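Reading through the structure tokens given below for one structure.
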Protein chains: 2
Amino acid sequence: MATRGFAGLTLRAVAAELGATTGLLTHYFPTKNALVAYALDLLEQRTISRPRRHTGEGLAALRDALLDILPLTPEAIDSNRIWVSSWDAALSDPALSTDYARKYAQSRNGLSERVAAAQKLGELPPGDPAHIAAGAQFFVLGLVVQALFDPAAFPPQRQVELLDDYLATLTARTDPTTITRDDPGGGL
Amino acid sequence: MATRGFAGLTLRAVAAELGATTGLLTHYFPTKNALVAYALDLLEQRTISRPRRHTGEGLAALRDALLDILPLTPEAIDSNRIWVSSWDAALSDPALSTDYARKYAQSRNGLSERVAAAQKLGELPPGDPAHIAAGAQFFVLGLVVQALFDPAAFPPQRQVELLDDYLATLTARTDPTTITRDDPGGGL
DNA sequence: ACATTGCCATAACGCTTGTTATGTGAATGG
DNA sequence: CCATTCACATAACAAGCGTTATGGCAATGT
């Protein structure tokens, strides 16, 4: 079911997987969209309420939260696959799109708190926590996508290694003189 | 066309957008998949052969390459939207999946060369160029996705700012003693 | 000027889709 | 113990899909 993609997701396929028929589905869901919405909600609830890592406070807590996102286990791979596949539909529907944007912003807020805590402990250099949290989210998001496309190149160990390298660069103090920050990004 | 998503992509819709009918399409493409494949190839060729930024060597060149990926213009937004939407189909089809993985690895190689050049110039600290390139790719990839979902929160200026902040952290030397690299990532 | 070929619109076909209607056996309640 | 309701399978439906004929018009070659 997680393997056939959103495009090939049909009521009859779902029913067959359940060992039932379309009658069951239409009995409980008024429409297909309702079913999909419920399924995505269920996926989200499950990922929220599943056991989370908790190895420490501050930077360790931030690392835990990021590790919880990565496709390190078969179930996490499935979840992330469904999640990425849903982006097509989400980007097509403005309502869904804003909903996704809100959820991602919430996720950034959660990370931001942990960043701030790590800063308070002196484990991270000062700087806008929201900014740093956003960067961490981007990094993990990109890693998720790449790991889904090429699991052989990004086994769990490599994913953790890459994440830790990223966190290591964060712990180092930035040198504000090296980069040209005033360039507006033109110059093509 | 870029706005209706892969799911709602139909031969008749494409034909209508072209001011033609399905007859034209079937005359030039044996099947719908061939058309989609051609369209994606065309998109790739266009993004490859479009004018690229070139503001300097070393770190600036790396920055240029990353800026070229970001959805900073309406056309780049459309390209990225189509691209992200195609992930659903790509993840469902193993052949497409490996093809995508290969392309992303190629992209990382290109970035890796620029990282190495920047290191030679002393603009980036030593370390595996492929590793650093991968991190940069992840960051940009995640930023792309977020910018697509929430363009208001990530206008071009903010995207450039976030990227530059990321590059700034790269330029700083990492402190290998702060992070626990031996933790295999467990502890749930 | 005529035959021929290529381009593409038109129309039809078979199939699958989401949805709706109908039936049926089991559970439930008085 | 019967009536009623519920849960679901079965079947049918219109709509839309990709694909496949078919036909005509224009360009081309002789």
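For clarity, every value in this text was computed on a predicted model and none was experimentally measured. Just so it is clear: chains get the letters A, B, ... in the order the sequence lines come, proteins before strands, and each one is counted from 1.
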Look at all strands and tell whether [X] reaches a base, only sugar-phosphate, or nothing, counting heavy atoms closer than 4.0 Å.
X: B:Tyr28; value: sugar-phosphate
X: B:Thr26; value: base
X: A:Thr21; value: base

First-last contacting nucleotides on DNA chain D - partner chain A, under 4.0 angstrom, heavy atom: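 Span of nucleotides near chain A: D:dA7 to D:dA12.
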Identify all side-chain donor-acceptor contacts of residues 36-49 of chain B below 3.5 Å with residues at least two apart in sequence or on another chain.
| from | atom 1 | to | atom 2 | distance (Å) |
| --- | --- | --- | --- | --- |
| B:Glu44 | OE1 | B:Lys103 | NZ | 3.1 |
| B:Thr47 | OG1 | B:Leu43 | O | 2.7 |
| B:Thr47 | OG1 | B:Glu44 | O | 2.8 |
| B:Ser49 | OG | B:Gln45 | O | 2.9 |

Any A:Thr10 side-chain N or O less than 4.0 Å from OP1/OP2 of C:dG18: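 Looking at the OP1 and OP2 atoms of C:dG18, one of them is under 4.0 Å from a side-chain N or O of A:Thr10.
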C:dC7 OP1/OP2 closer than 4.0 Å to side-chain N/O of B:His27: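 It does, given that an N or O in the side chain of B:His27 lies less than 4.0 Å from OP1 or OP2 of C:dC7.
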Steps toward side-chain contact (heavy atoms from CB on, under 4.5 Å) verdict (B:Glu161, A:His131): CA-CA 10 Å; B:Glu161 186 188 332; A:His131 221 76; 3.4 Å; yes
Residue B:Thr22, side-chain atoms from C-beta onward, closest of C:dT19, C:dT10, C:dC8: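 The nucleotide sitting nearest to the side chain is C:dT10.
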Most 5' of B:Gly23 and A:Leu25 on DNA chain D, judged by nearest nucleotide: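 Upstream on the strand: A:Leu25.
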Of B:Leu11 and A:Leu24, the one whose closest DNA chain D nucleotide lies more 5':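 Result of the comparison: A:Leu24.
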With a cut-off of 3.5 Å and sequence neighbours excluded, list every side-chain donor-acceptor pair involving residues 141-148 of chain B.
| from | atom 1 | to | atom 2 | distance (Å) |
| --- | --- | --- | --- | --- |
| B:Gln146 | OE1 | A:Arg108 | NH1 | 3.1 |

Nucleotide C:dT16, atom P - distance to NZ of B:Lys32 in whole Å: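 Going from B:Lys32 (NZ) to C:dT16 (P), I get 16 Å.
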Closest contact, heavy atoms only, B:Leu35 versus B:Phe29: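 Closest approach of B:Leu35 to B:Phe29, heavy atoms only: CA-CD2, 3.7 Å.
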Steps toward salt bridge (charged side-chain N to carboxylate O under 4.0 Å, His left out) verdict (B:Asp78, B:Arg81): CA-CA 5 Å; B:Asp78 282 352; B:Arg81 249 189 58 61; 5.5 Å; no
Ring centroid separation B:Phe139 to A:Phe139 under 6.0 Å: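 B:Phe139 vs A:Phe139: aromatic centres not under 6.0 Å.
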